[in-house]
Amino acid sequence: FLSSCMRWMSFSNQPAFIQRIEGVKVVMLRSMTGFGHYEYTENDMTFDVEIRTVNHRYCDIFLRMPKQISSFEDRVRKLVNSRIQRGKVDIYIAYENKSAQFQQVLLDENLARAYCNALKKISDDLGLRDDISASSLARFPEILKVEQCEDDNVVGDILEKAVNKALDNLLDMRTAEGEKLKESFLLNLSNIEAFTKNVEQKAPLVVKEYKEKLENRLSELIDIQKVDPARIATEVALFADKCSIDEELVRLNSHIIQMREMLDGGSPVGKKADFLIQEMNREVNTMGSKASDLEITKNVVELKNEIEKLREQIQNIE
């Protein structure tokens, strides 16, 4: 069933970061690094939107857009915040309006009359022919101005469509990268699980080996028959309690299961996963401090190495 669902998802027309299987929304794991670009034209208005994201602890948005559409800045920020939870987001928007219905030519009559009077005075004072025309006056600066008379609702809706399309492309890229990272995470978790099992298999033998070594050492120094067996049993019990790592192993296995569930649950998961990795590292450090066996120590070193790899990569996840 799962494989058939995945095949269905691969042919779906929906963006990769959100898929639906029989009405159930599936959120995929996403990286914080990505790029999305989209150029959208409607009603002779063109928006060119470019979005870049990199790693960041929070959602930090930097927005650059032309002054004539700066009133939509808050609208764009809310839209981006609704679809991106973490990352430094750089957004660049270019805008061009060729629609005749949104353009208006304004005449400054007072300025035109002032220019006309000045020209007449020049003609009278210097005895020149008076050949003032409308076309000659229009050439003077500030006589005619072209202004955009835009419908904010129309412009805002078209801008939102362009930003959404760019976000779709961005999140598709972040999802593709996130799924690659997930494969790496699962490999790290499998390695952690394998080293943990090695420790689990070795841990019960440590006390037994210690008892044998203790008895052999005593037999070399004194007659073992003269030593109270209860005293040896007490010494072994104290050692067993001191080096017991059963609780740490149980918690570490629990954290591995939780991490897999988090990865399968999809983004946003980065902050929770980072905290869980800290807990995994704490359990392994405790195991290392209690370990008195060389083989367990070697496995603890490998566990720390795999957890560090996991910690570094999880910083890239939303």
Side-chain angles (χ1 to χ4, degrees), residues 6 8-21 25-99 101-103 148 150-182 265-271 313-318:
M6 294 303 292
W8 182 90
M9 289 166 62
S10 64
F11 290 101
S12 171
N13 291 325
Q14 299 185 51
F17 65 96
I18 295 181
Q19 302 289 349
R20 294 181 182 272
I21 302 176
K25 184 171 74 172
V26 179
V27 182
M28 310 289 281
L29 198 67
R30 293 198 298 260
S31 167
M32 281 192 285
T33 304
F35 172 80
H37 172 262
Y38 197 81
E39 184 176 313
Y40 182 73
T41 300
E42 184 179 326
N43 292 342
D44 292 326
M45 284 183 281
T46 300
F47 287 95
D48 192 305
V49 183
E50 182 179 297
I51 307 176
R52 301 172 184 269
T53 60
V54 293
N55 298 357
H56 197 276
R57 189 175 181 181
Y58 306 103
C59 183
D60 182 25
I61 300 174
F62 172 80
L63 177 59
R64 181 176 294 174
M65 58 198 304
K67 288 184 178 179
Q68 59 264 43
I69 58 171
S70 59
S71 59
F72 301 108
E73 179 175 343
D74 188 56
R75 185 171 176 176
V76 172
R77 287 182 179 275
K78 287 181 179 178
L79 178 59
V80 174
N81 269 319
S82 69
R83 302 186 63 181
I84 296 177
Q85 279 68 48
R86 291 181 70 199
K88 185 179 184 301
V89 186
D90 292 315
I91 308 171
Y92 303 93
I93 301 176
Y95 169 61
E96 184 178 9
N97 189 348
K98 296 181 180 179
S99 176
Q101 61 176 317
F102 292 129
Q103 294 180 350
Q148 303 289 339
E150 299 165 338
D151 185 330
D152 284 350
N153 292 328
V154 174
V155 177
D157 290 343
I158 296 174
L159 171 60
E160 188 168 321
K161 290 177 183 178
V163 174
N164 264 322
K165 291 289 186 180
L167 283 170
D168 287 345
N169 294 334
L170 169 75
L171 295 178
D172 282 345
M173 182 175 179
R174 282 163 64 113
T175 300
E177 180 67 20
E179 289 304 298
K180 290 180 181 177
L181 288 172
K182 182 178 178 180
S267 293
V269 71
K271 289 183 180 179
Q313 290 295 334
I314 212 71
Q315 305 304 317
N316 300 320
I317 291 296
E318 183 179 18

Worksheet entry | CD1-CG distance between I84 and N81, expressed to the nearest 0.5 angstrom | 8.5 Å
Discussion item. I'd like to check F47 versus I69 (side-chain heavy atoms, cut-off strictly below 4.5 Å). Are they in contact?
Written reply: yes
Response to the item:
Hits for salt bridge (Lys or Arg N to Asp or Glu O under 4.0 Å) against E179, two or more places apart or cross-chain, chain-then-number order -> none
Worksheet, complete the sentence: OG1 of T175 to CE of M28, rounded to nearest 0.5 Å, is 7.0 Å
Worksheet item: In Å and rounded to the nearest 0.5 Å, what is the CG to CZ distance from L79 to F72?
Response: 13.5 Å
Worksheet item: Between A162 and V49, what is the shortest heavy-atom contact and its length?
Response: CB-CG2, 3.8 Å
Item to complete: Taking D90 for its side chain and R52 for its backbone only, find out whether a donor-acceptor pair lies under 3.5 Å.
Response: no
Item to complete: Start with the C-alpha distance between Q68 and V155, add both sets of side-chain angles, then the distance that settles side-chain contact (heavy atoms from CB on, under 4.5 Å), and finish with yes or no.
Response: CA-CA 11 Å; Q68 59 264 43; V155 177; over 6 Å; no
Discussion item. Closer than 3.5 angstrom, by distance alone: can the side chain of R77 be matched with the main-chain N or O of I61 as a donor-acceptor pair?
Written reply: yes
Item to complete: State, yes or no, whether a side-chain contact exists between R174 and M32 at a heavy-atom distance under 4.5 Å.
Response: yes
Worksheet item: Got a salt bridge between K161 and D157, using NZ or NE/NH1/NH2 to carboxylate O under 4.0 Å?
Response: no
Worksheet item: Can you check whether Q85 reaches R30 side chain to side chain, under 4.5 Å on heavy atoms?
Response: yes
Worksheet item: Does the side chain of V163 reach to within under 4.5 Å of the side chain of I91, using non-hydrogen atoms?
Response: no
Response to the item:
Of all heavy-atom pairs linking G34 and L170, the shortest is C-CD1, 3.3 Å
Fill in: R86 side chain vs C59 backbone, donor-acceptor pair below 3.5 Å
no
Worksheet item: For the residue pair H37 and F35, does the interplanar ring angle fall in the parallel (under 30°), tilted (30 to 60°) or perpendicular (over 60°) class?
Response: parallel
Worksheet item: To the nearest 0.5 Å, what is the distance between OG1 (T33) and CD (E318)?
Response: 11.0 Å
Discussion item. With heavy-atom distances below 4.5 Å as the criterion, would you say the side chains of L159 and M65 are in contact?
Written reply: yes
Worksheet item: Mind checking whether N316 and E177 have side chains closer than 4.5 Å, heavy atoms only?
Response: no
Fill in: Given V76, V80, I51, the one that forms side chain to side chain contact (heavy atoms under 4.5 Å, CB included) with L63
V76
Item to complete: First locate atom CD1 of I93, then atom OG of S70, and finally report the distance between them rounded to the nearest 0.5 Å.
Response: 11.0 Å
